Amino acid sequence: LLAAHASTVAKLAALSTRLPVSAVAAMARLSWATVAKVDGRAIELALGDRSALLQGLRWIGVDEVSRTGGRVYFTIVTNLETGRVVWIGDGKGRKGLLPFLRALGAKGRRKIRGVVSDLGYQPIIANQLPRAVHILDRFHIVQWVNEALSQIRRRLFSGAPRDELGRTLKAKKWMLLSAREHLEHKHKLQLNELLELNQPLFVAYLLKEQLRAVLKHPWRRFGILRNRLHDWIVEVLGAGLPELRCVAHRIANHLDAVIAGHEHDVPLGLCEAINGKIRVLRFQARRYRDAEYFKLKIFQRCSLPDNPWAQIVL
């Protein structure tokens, strides 16, 4: 009887690594809470002592992700050398990161060589990790420019556009924000035709693509990179676009953090990749009712590449 019970529990744990809990519960004819309890305990056993994840950290990534799909957040800390999530804090900013820094202890904090994050975490990093290099994630820089481009479009067409050009650009705004190299040829031609009809938006789009090209290039001479960024900032300041001017000032004030992303060989896109996995988890579950269980599922997906429960053959 005990062996049969253990076999059932193991199968539930194995299925929960492959399917949403609701699907497993329906298959096993059990309640969601029962399957979640089994799954949570299985994840805890696979993780073991979570404090071990904090040992030997040198390069970390810090970002926040929505817990509910709204304005309730987790702060996610990733070991950039192993690619594993090592800490999940409640809230964002100082509230979400400070418990992690306390858990590291003075010795652990001294070992941190660098942190990849957005500007929201820069003050606490400078205060608590003065020896660490702060690296500004390129994803967030491009995000600033895309948001500025959206603001320019809305300003030029006064929110709800009344003419055909404004309505088309609103419907096709995804083309403005997409990386040009990812657009199909027909979409590139269509975007060119639209932008030719509005000079300020055309200039803003070109400036966005110029910055993307600078950030994407594998620079080895960082003095040249600094000059290219300085030239871009000067060009933006002379373009007469206040939305992009704010981005230029922000980059100018944190130029060293932008350049540090090229100086140090760390995976800058890893945090955003992990955020994508977490968003998929949240979507599959239609939101998690229990925050602690959601944390365990994140650890399962992002910290257990060799999860023993996933190896069970059903």
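Worth saying up front: this structure is predicted, and the values here are computed from it rather than measured.
When all heavy atoms are compared, the tightest approach of Thr75 to Gly93 is OG1-N, 4.1 Å. Here the closest non-hydrogen pair linking Leu54 and Val86 is CD2-O, 3.7 Å. For Arg109 against Gln128, the heavy-atom pair with the smallest separation is CD-O, 3.8 Å.
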Check against side-chain contact (heavy atoms from CB on, under 4.5 Å), Leu270 and Val116:
CA-CA 10 Å; Leu270 182 59; Val116 176; over 6 Å; no

Test side-chain contact (heavy atoms from CB on, under 4.5 Å) on Arg180 and Leu191; report intermediate values, then the result.
CA-CA 10 Å; Arg180 187 169 180 83; Leu191 182 59; 4.1 Å; yes

Test log, rule side-chain contact (heavy atoms from CB on, under 4.5 Å), inputs Phe139 and Asp118
CA-CA 9 Å; Phe139 171 82; Asp118 63 15; over 6 Å; no

Could you walk me through whether Arg67 and Tyr73 satisfy the side-chain contact (heavy atoms from CB on, under 4.5 Å) test, starting with their C-alpha distance in whole Å, then the side-chain angles of each, then the deciding distance to 0.1 Å, before giving a yes or no?
CA-CA 5 Å; Arg67 178 172 75 81; Tyr73 292 92; over 6 Å; no

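Salt-bridge formation is not detected for the pair Lys216/Glu209: no Lys NZ or Arg NE/NH1/NH2 atom is positioned less than 4.0 Å from an Asp or Glu carboxylate oxygen. In this structure, Arg154 pairs ionically with Glu147, as a charged nitrogen and a carboxylate oxygen lie closer than 4.0 Å.
Here NZ of Lys92 is found 9.5 Å from OG of Ser66. Values are rounded to the nearest 0.5 Å. Atoms CG and CD, from Asp265 and Glu81 in turn, are 10.5 Å apart once rounded to the nearest 0.5 Å.
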For residues 229-249, which side-chain donor-acceptor pairs fall under 3.5 Å, sequence neighbours excluded?
from: Trp232; atom 1: NE1; to: Leu207; atom 2: O; distance (Å): 2.8
from: Glu243; atom 1: OE1; to: Arg155; atom 2: NH2; distance (Å): 3.2
from: Glu243; atom 1: OE2; to: Arg155; atom 2: NE; distance (Å): 2.6

Indicate every side-chain donor-acceptor pair of residues 36-46 with a distance under 3.5 Å to a residue at least two apart or in another chain.
from: Asp39; atom 1: OD2; to: Tyr293; atom 2: OH; distance (Å): 2.5
from: Asp39; atom 1: OD2; to: Lys297; atom 2: NZ; distance (Å): 2.9
from: Arg41; atom 1: NH1; to: Glu44; atom 2: OE1; distance (Å): 3.4

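Between Leu119 and His254 the shortest side-chain heavy-atom distance falls below 4.5 Å. Under the 4.5 Å side-chain criterion, counting only non-hydrogen atoms from C-beta, Phe294 is not in contact with Ile88.
Ring geometry, Trp174 versus His187: the interplanar angle exceeds 60°, so the pair is classed perpendicular (tilted spans 30 to 60°).
A search for side-chain hydrogen bond (donor to acceptor under 3.5 Å, both in side chains) contacts involving Arg113 returns nothing, not counting sequence neighbours.
Checked by atom type and distance alone, the side chain of Arg29 never pairs as donor or acceptor with a backbone atom of Ala25 at under 3.5 Å.
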